[in-house]
Novice: 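Would you mind keeping the following structure in view while I ask a few things?
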Amino acid sequence: MFGKIKSYKRINHGVEIDFEDGSGQIGVITDGIINVFAGLETQEHFSKAITGEKATRIDFDVIMKSGVIKINTSKLIVEISDNFMVDFFDCNHQPICQDYRGKKSEVKAWDPKAAELAALEGHADQSDSSERKIRIAKMMTGDEAFYGLGDKTGFLNKRGYEYEMWNTDDPSPQLDYFKSLYKSIPFFITLTKQKVYGIFFDNHYRTYFNMGKESNEYYYFATDEGNLDYYFIYGDTMPEIINGYTYLTGTTPLPQLWTLGYHQSRWSYMSREEVTGIAKRFRELGIPCDTIHLDIDYMDGYKVFTWNEEKFPNSKEMIQELSKDGFKIVTIIDPGVKIEKGYSVYDEGVKNSYFAKDMNGEIYENAVWPGPAVYPDFSDERVRSWWGDLQKSMIDKGVRGIWNDMNEPASFNGELPDDVQFSDDGRGANHRKMHNVYGHLMAEATYNGLKKHDKRRPFVITRACYSGSQKYTTGWTGDNHSIWAHLQMAVPQLCNLGMSGMPFIGTDVGGFSTDCTPELLSRWVQVGCFSPLFRNHCNIMARRQEPWAFDQETLDINRKYIKLRYKLLPYLYDLFWDIESSGLPVIRPLVMAYQQDENVREMNDEFLFGGGILVAPVVNQGQRVRSVYLPEGSWIDYWTKETVDGGRYIIKETPLDICPIYVKAGSILPCYPEINYVGEKEIEELTLDIYPGVGQYLHHLDNGENFDYQKGIYNEYCFTVNDEEILKIELRHSGYQKGYKAFRILYNGKEYAADFKGETLAIDLKTI
Ligand code: GLC
């Protein structure tokens with residue numbers, strides 16, 4: 001499509017290339033990140049994912065030899081040849097990723113007549129072999145596995161499947177062959193025995209990913225519109241690739257501590273009495289809980305930013321009362337604005353031209369919960385700022401977080417037509433271009449509004465998103481079902497979202513649609529306990545599934561795992577502390593840490609919670625024993641404290657209340673005492689649960705709420721255990737006044753208490 005190379009020119013951060021039929025650019029962003037760009041629609045990148053300049057000043061050489069342009073960085077050799085073929089090699093000229101130059105495979109071998117017949121019974125052809133305007137095919141050499149791609153259904157390794165990036169609200173039970181769900185994150189990691197790299201295709205039109213389904217010789221990503229604009233990210237390890245991707249698209253900022261606690265939700269808690277009753281029940285039953293979510297029925301006629309004063313009289317007072325008992329309220333806000341003259345949000349939007357329009361310049365109308373509705377044009381800075389300011393009324397009521405839903409955007413009268421018009425900050429764009437970033441821009445507006453009007457760290461949850469949304473929002477995986485297949489899917493789905501730069505993520509615990517069972521909820525809460533966003537939520541038509549909804553056993557299991565979550569809160573918070581700079585996930589597939597171990601490349605029912613805790617949940621009905629694979633090293637069974645050698649499978653009995661958990665030898669886990677909610681009491685004594693072996697751990701303490709930590713108002717503790725079993729406790733950074741006064745040490749079944757005044761302590765663990 002580009003023809004032969006005519007000439008090239010070195011520019012500031014890369015090379016500009018003139019082909020017979022067009023031009024392209026190679027951007028050298030860092031030593032290991034290269035951008036491949038051709039302005040087929042606009043000469044500029046139209047990224048909504050990347051903010052600010054990412055290219056760094058690095059040395060690179062460019063030469064042309066035998067018709068091939070060669071760029072050398074300290075990590076990569078990039079070779080560009082005719083037709084804008086781009087091949088990546090390491091410094092020893094070993095291939096990492098090369099463009100595929102062969103023929104496109106034909107996969108459809110069936111007779112069209114037979115297909116017509118099959119269609120009569122409702123069978124459909126699942127594969128897509130359409131020609132695309134932009135199609136980048138990369139060679140496969142044999143053992144490629146693919147990870148990432150956001151919230152796609154199915155298993156961990158995406159090899160052999162095809163997907164589309166088109167934010168989709170489809171409540172039917174999601175299955176392995178679904179091509180798209182709510183989120184569009186066009187980023188994946190390719191792993192082979194020798195190499196690992198990532199590709200981020202930064203194009204928010206509808207894009208297509210065929211991960212070796214069409215052929216064993218290549219995989220491809222494609223689109224019909226926009227620019228050719230992708231980033232190749234190279235490194236030695238999967239974490240380095242995720243680092244690179246989140247260097248480009250941003251990392252999740254440190255959340256408020258309470259957001260990491262337990263959340264209870266239902267569509268909907270219908271009245272003030274019901275919400276208060278739910279809150280009371282948690283405290284009576286001694287089940288920790290921080291947050292209750294109010295779904296759409298708190299609103300007046302589903303009008304966003306209004307309250308149903310009949311069902312929720314004096315809502316401000318209700319929220320205040322609940323907060324005395326430690327409960328925080330999160331409210332849902334959908335983008336669809338009810339068409340109703342006299343409703344201020346609608347009136348203001350009309351007056352200021354804030355809503356998306358049709359081709360004739362009339363406000364575009366569709367329908368969602370309130371009936372006929374219009375869609376704020378979040379691609380316009382004025383609208384983002386207005387929407388941000390609308391959050392103030394919620395904050396003034398005492399609301400602590402905003403849950404953005406239906407922002408694919410969902411619509412009840414068919415999908416928005418392609419030609420619905422958006423501003424794109426003055427550039428002008430249609431729905432095809434804005435669809436995949438609609439939820440992203442809504443989240444950005446919400447985040448900035450909360451930050452402006454509340455001095456605390458914004459808490460936003462979204463259903464739809466694009467690459468880079470992690471800077472503004474957490475996410476949940478939308479409307480799953482209360483079926484075992486969806487509990488099974490939760491693990492790879494959360495792992496892949498994590499590897500796609502979205503660390504703060506969760507599923508509806510218990511499943512959203514259809515009816516949950518006691519056993520399913522008991523097993524789901526065991527996965528929920530380790531899910532960054534831990535929220536039980538279900539459909540208005542589904543049986544209730546609060547922790548007490550079934551029987552005593554289910555209640556006890558819920559309490560046990562919710563308490564475990566609260567115990568591990570400081571560990572989880574430390575992970576988020578690190579995530580703000582590293583971009584790494586909380587829930588990690590084993591392959592991320594044990595890349596060379598072939599046993600874990602397709603491990604769908606085990607994961608790591610941070611670096612030190614391996615979780616092997618039971619995701620099958622009736623399963624009372626399961627095999628667990630432990631990677632190399634020594635592991636300690638969290639429940640029995642037995643040490644087990646890794647590098648093999650073991651058998652673990654799994655009665656209903658046991659989720660197999662293994663802690664890596666040498667781990668130091670900071671733990672909280674029992675609490676009902678975050679902020680219930682000052683934590684003066686931190687427990688250090690120490691697992692024999694050499695190890696080091698950095699722990700952070702701050703007010704857990706606002707941005708003071710960015711000014712150095714936090715404490716950093718360093719805990720080290722050496723090979724002589726001496727535990728050293730050091731206060732490395734002291735900026736927060738309310739530090740710990742004591743540490744309780746757990747080691748080999750023994751307990752030891754040490755007072756602490758800020759001095760460095762050395763404790764001989766052999767003698768405690
Ligand atoms: C959507 C959401 C779900 C919510 C419901 C009502 O289906 O995905 O979580 O409960 O709308 O607001």
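As the structure lists them, so they are numbered: ligands from 1, and atoms in each ligand from 1.
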Novice: So which protein heavy atom does atom 8 (O) of ligand 1 come closest to, and at what separation?
Specialist: Asp479 OD1, 2.5 Å
Novice: Below 3.5 angstrom, do we get any N/O pair linking Asp508 and ligand 1?
Specialist: no
Novice: Could you tell me whether some N/O pair between Trp267 and ligand 1 is separated by less than 3.5 angstrom?
Specialist: no
Novice: So Tyr302 and Lys338, do their side chains get closer than 4.5 Å, heavy atoms only?
Specialist: no
Novice: Under 3.5 Å between some N or O of ligand 1 and some N or O of Trp476?
Specialist: no
Novice: Please work out which of the three classes, parallel, tilted or perpendicular, describes the rings of Trp267 and Phe512, given edges at 30° and 60°.
Specialist: parallel
Novice: Check Glu408 with Arg463, please: is the shortest side-chain N to carboxylate O separation under 4.0 Å?
Specialist: yes
Novice: Do Lys397 and Glu309 meet the salt-bridge criterion of a basic N to acidic O distance under 4.0 Å?
Specialist: yes
Novice: Is His204 close to Met434 at the side-chain level, that is, under 4.5 Å between some pair of heavy atoms?
Specialist: yes
Novice: Can the ring centroids of His537 and Trp403 be said to lie less than 6.0 angstrom from one another?
Specialist: yes
Novice: If the threshold is 4.0 Å, N to carboxylate O, is there a salt bridge linking Asp389 and Lys452?
Specialist: yes
Novice: Whether the Thr554 and Asp551 side chains hold a donor-acceptor pair (N or O, under 3.5 Å, no angle test) is what I'd like checked.
Specialist: yes
Novice: Starting from atom 10 (O) of ligand 1, find the nearest protein heavy-atom neighbour and note its residue, name and distance.
Specialist: Asp295 OD2, 2.5 Å
Novice: Using a 4.0 Å cutoff against the non-hydrogen atoms of Ile332, which atoms of ligand 1 qualify?
Specialist: 12 (O)
Novice: Residue-level breakdown please: for Asn539 versus ligand 1, do any non-hydrogen atoms fall below 4.0 Å on the side chain, on the backbone, on both, or on neither?
Specialist: neither
Novice: Which ligand 1 atoms are under 4.0 Å away from a heavy-atom of His537?
Specialist: 3 (C), 4 (C), 9 (O), 10 (O)
Novice: Geometry only, no angles: is Trp403 polar-contacting ligand 1 at N/O separations under 3.5 Å?
Specialist: no
Novice: Just need the protein heavy atom nearest to atom 11 (O) of ligand 1, so name the residue and atom and give the distance.
Specialist: Asp405 OD2, 3.0 Å
Novice: Say whether Arg463, considering both its backbone and side-chain N or O atoms, lies within less than 3.5 Å of an N or O atom on ligand 1.
Specialist: yes
